[in-house]
Structures are given as structure tokens and as C-alpha cells.
Amino acid sequence: MLAEIGVRVPDATPISLLLKTRPIKTDLRAVLNTPHVAVRPTPDGALVLDSAWSEEEVVVNSDGTYTVHDKTVKGLLEEASAVLDVHDGHVELRYARKERGAEADRPGADNPARRIARL
């Protein structure tokens, strides 16, 4: 509507990164917001992970796509595993997929180095 009167509103969507794990056995039923990672259980037994530090490591490419480094994926998994070690005992989390923001529940490729397209 604003474009009709000559006003351009740029995309100011913040960069976000959500990492979904493979399903695990856990008694976790609530969201854990810790200083280094947020851990959200899903109905299918997987966990969705995010953090402010991991969003800062997302690279915005010149073509408008995003790159997520393997070290960022590994870091999120390690932080969540440490939190769950306290809650459930030793837990080894495995990566299922990552997506940008609202894409978190859409099926996607599970290559950790996959470039994520802008919506």
C-alpha cells in the first residue's frame, strides 16, 4: 500500500537461525532459555535450538543468500547438549536441519553447509 504513494519500506527482517535436531528421548516439556542457547522441544521429539551468538555468525552473501558455518552448527549442538546433560544426563544431539526464521518447520536439505535463501 505504501508503494502506491511512493514510499519504499526496505526489508528489515532480522537474521535468525534455527537448528532442528533429530528426535531424542527427553523429559523436557518446556522451553529452556539459557545464556548460551534456547532449547525448544517439538511434538515429534526433536529440539529446536537458537541463540543470539549463532545469529551473529550467519554470513550474508552478496547475492542475498545466507551461509551458516559448520562450527556454528556444532557450537549450538554442544551448548544444548551441555544444558541437557544437567537435565537428562548425557545426551548426544545430532543435527537434522537448519533454517532461517519462519522456515524452521518446512522440510529442507540436511547438508550443514547449505546456503539458505532469502524469503
Side-chain angles (χ1 to χ4, degrees):
M1 293 178 71
L2 291 174
E4 294 172 6
I5 59 171
V7 177
R8 183 180 176 279
V9 179
D11 180 3
T13 304
I15 296 172
S16 61
L17 172 67
L18 298 176
L19 181 81
K20 189 170 184 179
T21 69
R22 294 182 181 172
I24 65 163
K25 183 178 179 182
T26 179
D27 293 329
L28 183 64
R29 298 291 175 255
V31 175
L32 297 176
N33 285 310
T34 72
H36 299 285
V37 67
V39 182
R40 296 169 177 79
T42 66
D44 67 355
L47 301 171
V48 175
L49 316 174
D50 74 292
S51 71
W53 67 264
S54 65
E55 294 169 359
E56 293 170 2
E57 292 186 8
V58 174
V59 177
V60 181
N61 301 309
S62 62
D63 63 358
T65 60
Y66 299 90
T67 299
V68 178
H69 297 289
D70 292 342
K71 70 180 178 80
T72 304
V73 171
K74 182 180 179 191
L76 273 173
L77 291 171
E78 288 173 352
E79 291 290 349
S81 292
V83 168
L84 292 174
D85 281 351
V86 172
H87 186 270
D88 287 330
H90 180 70
V91 175
E92 181 182 343
L93 296 177
R94 297 181 59 197
Y95 163 83
R97 71 175 191 257
K98 65 181 173 304
E99 300 295 341
R100 176 183 170 257
E103 295 182 340
D105 290 322
R106 191 182 83 197
D110 52 349
N111 175 354
R114 182 170 83 82
R115 288 170 45 170
I116 302 171
R118 180 184 293 272
L119 292 175

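Computed from a predicted structure; not experimentally measured. Just the heavy atoms: all of them, side chains too, but no hydrogens, waters or symmetry mates, feed the values below.
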Among Leu84, Asp50, Leu76, Leu19, find the residue that satisfies the side chain to side chain contact (heavy atoms under 4.5 Å, CB included) test when tested with Val37.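 Only one option passes, and that is Leu76.
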For the residue pair Ala46 and Asp44, what are the closest heavy atoms and their distance? N-OD1, 3.1 Å
Closest non-hydrogen atom pair, Ala30 against Pro41: O-CD, 3.4 Å
To the nearest 0.5 angstrom, please state how far the [atom1] atom of [X] sits from the [atom2] atom of [Y].
{"X": "Ile24", "Y": "Leu93", "atom1": "CD1", "atom2": "CG", "result": "5.0 Å"}
{"X": "Ser51", "Y": "Leu18", "atom1": "OG", "atom2": "CG", "result": "10.0 Å"}
{"X": "Leu28", "Y": "Arg40", "atom1": "CG", "atom2": "CZ", "result": "11.5 Å"}
{"X": "Arg8", "Y": "Leu2", "atom1": "CZ", "atom2": "CG", "result": "12.0 Å"}
{"X": "Thr42", "Y": "Leu47", "atom1": "OG1", "atom2": "CG", "result": "6.5 Å"}

Linked hydrophobic residues, Val31 as query - side chain contacts closer than 4.5 Å: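 The other cluster members (ILVMFWY side chains, heavy atoms under 4.5 Å, direct or chained): none.
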What do the steps show when you test Thr34 against Glu79 for side-chain contact (heavy atoms from CB on, under 4.5 Å), and what is the final call? CA-CA 9 Å; Thr34 72; Glu79 291 290 349; over 6 Å; no
Restricting to side chain to side chain contact (heavy atoms under 4.5 Å, CB included), what partner residues turn up for Thr72, sequence neighbours left out? Leu17, Trp53, Ser54, Glu57, Val68, His69
